[in-house]
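Everything below concerns the one structure shown next.
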Amino acid sequence: MIYVWTGLALVGIAATLITFRSFRPAPLPAPAQWTDPLPTASPPADLAIYQLPTGTYENRALFAYRGGAFRDVRKFAATAVLVRHPAGDLLIDAGFGADVEAHIATLPSYRRTPHELGATIRDQLRSTNYDMTSLRGVIITHAHWDHVSGLAELDVPIWMNEAESRYVERAKDAAVFRDVASRREIHHYTFDGPPYLGFPGSHDVYGDGSVVIVEAGGHTDGSVVVFVSLPDGRRFAFIGDLTWQLEGVTLRAERPRMLQILADVRPARVRDSLLQIIALTDRMHVVPAHDIHAYDPIPRWTSSNRRHL
Ligand SMILES: [Zn+2]
């Protein structure tokens with residue numbers, strides 16, 4: 001009799017495991033890693049990047065990537081990156097600005113989540129006596145509120161491409177952008193360069209390969225990835241919201257389907273770009289805009305950085 005019970009128990013365990021496994025979302029198929037040489041870059045010796053966190057907002061991992069847990073509450077980073085280049089500095093995204101509470105109030109209630117506010121980019125730059133005339137502009141990865149709120153206090157041109165300019169004219173999710181950008185000059189760039197690391201068009205900002213913007217639309221029409229090459233040979237890919245957390249890359253877990261429908265204008269294109277980035281993970285640091293730990297290799301901008309320059 002004991003054998004019967006043991007057998008039944010084993011069948012039960014096996015059935016449970018099979019059921020559990022079948023509910024586990026399948027990762028994206030692994031793309032072949034990029035093995036060709038990386039595009040050439042000759043960054044000047046004093047090129048450097050710094051992170052400027054401006055705050056966080058909460059989201060559950062369940063809603064961030066397929067297979068994420070409900071109980072796993074993530075703090076989504078609203079962090080800008082300052083690229084210091086002798087030909088003029090640029091920011092990548094602008095974080096939370098002084099009016100961020102008003103910006104959050106414009107969101108539908110289900111998207112207003114607990115948040116923590118830090119100093120704005122403008123205040124962080126001012127408190128270190130940063131020379132604002134060094135700042136050429138802000139490259140936005142895309143025009144959503146959590147990337148552009150801080151533009152309100154930064155009196156420099158917003159760098160954007162034609163597809164994103166069209167997106168912000170009509171998109172509901174660009175209301176905050178329309179508000180903050182109405183007082184700003186727009187610097188339009190085009191993808192006038194060759195294909196770059198599998199992306200169809202590129203724009204080499206300084207002409208030395210140190211900062212290259214590529215076309216990666218799909219989250220919004222004109223979303224981009226910004227590749228940065230440092231003088232020590234390290235490379236970074238600032239991928240905006242191709243995935244919200246690093247698991248999108250490390251586990252090849254894209255956004256949950258419902259969130260794709262809500263967040264992406266063309267989910268299939270986001271998937272293609274994400275796979276393109278996954279193929280580069282052996283070669284560079286990948287930084288999804290909202291993953292706090294993805295910024296760990298990048299030093300914080302502080303007054304001590306300024307003294308080296
Ligand atoms: Zn975002």
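All ligand and atom numbering here is 1-based and tracks the order in the structure. This structure is a prediction, so every number in the text was calculated from the model and none was measured. Note: hydrogens, waters and symmetry copies are ignored here, and every other heavy atom, side chains too, is used.
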Within a 6.0 Å radius of atom CZ on Arg183, are there more than 12 heavy atoms belonging to other residues, nucleotides or ligands? yes
Considering only N, O or S atoms, which atom of Asp146 is nearest to the Zn ion (ligand 1)? OD2
Is the shortest distance from a Lys or Arg side-chain nitrogen in Arg111 or Asp173 to a carboxylate oxygen in the other one below 4.0 Å? yes
For the Zn ion (ligand 1): the N/O/S atom of Asp241 at shortest distance: OD2
Would you say Gln245 and Thr250 make side-chain contact, with heavy atoms under 4.5 Å? no
N/O/S of His290 less than 2.8 Å from the Zn ion (ligand 1)? yes
Hey, is the Zn ion (ligand 1) within less than 2.8 Å of some N/O/S atom on His142? no
Pair Arg255 + Asp264: basic N to acidic O under 4.0 Å: yes
